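Since the structure is predicted, the reported quantities are computational estimates derived from the model, not experimental observations.
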Amino acid sequence: MHRESGKPPPTITRGALRPRIYAAVRRIPPGKVATYGQVAAFAGFARHARQVGYALNDLPSGSEVPWHRVVNARGEVSPRATPGWEEVQKDLLEQEEVYFGPHDRIDLARYGWKPRATRGV
DNA sequence: ATTCTGACTTGGG
DNA sequence: CCCCAAGCCAGAA
């Protein structure tokens with residue numbers, strides 16, 4: 001029907017975006033990973049995948065947000081500005097039993113977070 | 001107010 | 001499979 005709730009109500013614009021994104025990321029259980037777009041969509045912001053990355057970038061050290069469980073649509077760790085950091089994320093994921101493929105790719109079909117009862121496919 | 005950037009996504013060649 | 005271009009939107013300067 002029409003457009004999915006693409007735009008949030010004017011009552012919670014700006015600033016309210018990140019808290020919501022963090023909440024969505026916190027919902028990702030250990031051993032699972034979600035894509036930026038998935039997190040954004042779950043938070044209610046379908047096209048804000050970028051903003052998710054932005055929000056995570058602003059995360060303070062020691063935050064409870066499992067930022068490492070967020071990967072790009074290809075199932076890979078998004079390349080960031082600081083080289084070497086992706087190794088950290090990869091390591092954190094492996095600690096949660098999330099293993100990478102031969103090309104540093106995660107099988108989203110297996111480790112992808114499936115919110116609600118939405119059966120795969 | 002305008003301008004630029006970015007831990008993204010999807011589509012086409 | 002890889003590479004390139006366009007779309008998208010919020011936040012900071």
Whole-Å distance separating the [atom1] atom of [X] from the [atom2] atom of [N]:
| X | N | atom1 | atom2 | value |
| --- | --- | --- | --- | --- |
| A/Tyr36 | B/dC8 | OH | P | 6 Å |
| A/Phe45 | B/dC8 | CZ | C1' | 16 Å |
| A/Leu59 | B/dG6 | CG | P | 18 Å |
| A/His48 | B/dG6 | NE2 | C1' | 14 Å |
| A/His68 | B/dA7 | NE2 | C1' | 14 Å |
| A/Phe42 | B/dC8 | CZ | P | 22 Å |
| A/Asn57 | B/dA7 | CG | C1' | 7 Å |
| A/Arg18 | C/dA10 | CZ | C1' | 9 Å |

Closest-nucleotide mapping onto DNA chain B: is A/Tyr54 or A/Gly37 further toward the 5' terminus? I mean the 5' end.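 The residue whose closest nucleotide sits nearer the 5' end is A/Tyr54.
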With rounding to the nearest 0.5 Å, note down the distance linking [atom1] in [X] to [atom2] in [Y].
| X | Y | atom1 | atom2 | result |
| --- | --- | --- | --- | --- |
| A/Leu56 | A/Arg18 | CG | CZ | 10.5 Å |
| A/Ile106 | A/Lys90 | CD1 | NZ | 9.5 Å |
| A/Arg26 | A/Ile28 | CZ | CD1 | 11.5 Å |
| A/Gln89 | A/Trp67 | CD | CH2 | 5.0 Å |

Given B/dA7, C/dA12, B/dC8, which nucleotide is nearest the side-chain atoms of A/Ala49?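 The listed nucleotide nearest to A/Ala49's side chain is B/dC8.
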Counting side-chain heavy atoms from CB outward, which of B/dA7, C/dA10, B/dT10 is closest to A/Ala73?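 Looking only at heavy atoms from C-beta outward on A/Ala73, the closest nucleotide is B/dT10.
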Quick one: label A/Arg105 by what it contacts on the DNA or RNA (base, sugar-phosphate, nothing), any heavy atom closer than 4.0 Å.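 Sugar-phosphate contact only.
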At 4.0 Å (heavy atoms only), tell me whether A/Asn72 reaches a base, stays on the sugar-phosphate, or touches nothing.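 The answer is sugar-phosphate, as A/Asn72 gets under 4.0 Å only of primed atoms, P, OP1 or OP2.
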Is there a continuous path of hydrophobic side-chain contacts, each under 4.5 Å between heavy atoms, that joins A/Leu17 to A/Tyr22?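 Yes: a chain of side-chain contacts under 4.5 Å links A/Leu17 to A/Tyr22.
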N/O (side chain, A/Arg20) to phosphate O (OP1/OP2, C/dA10) under 4.0 Å: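 No, outside the criterion.
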Does A/Ser78 put a side-chain nitrogen or oxygen below 4.0 Å from OP1 or OP2 of B/dC8?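 For B/dC8, OP1/OP2 do have a side-chain N/O of A/Ser78 under 4.0 Å.
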Could you pick out which residue, A/His103 or A/Arg50, lies toward the 5' side of DNA chain C when each is mapped onto its nearest nucleotide?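 Closest to the 5' end, via its nearest nucleotide, is A/His103.
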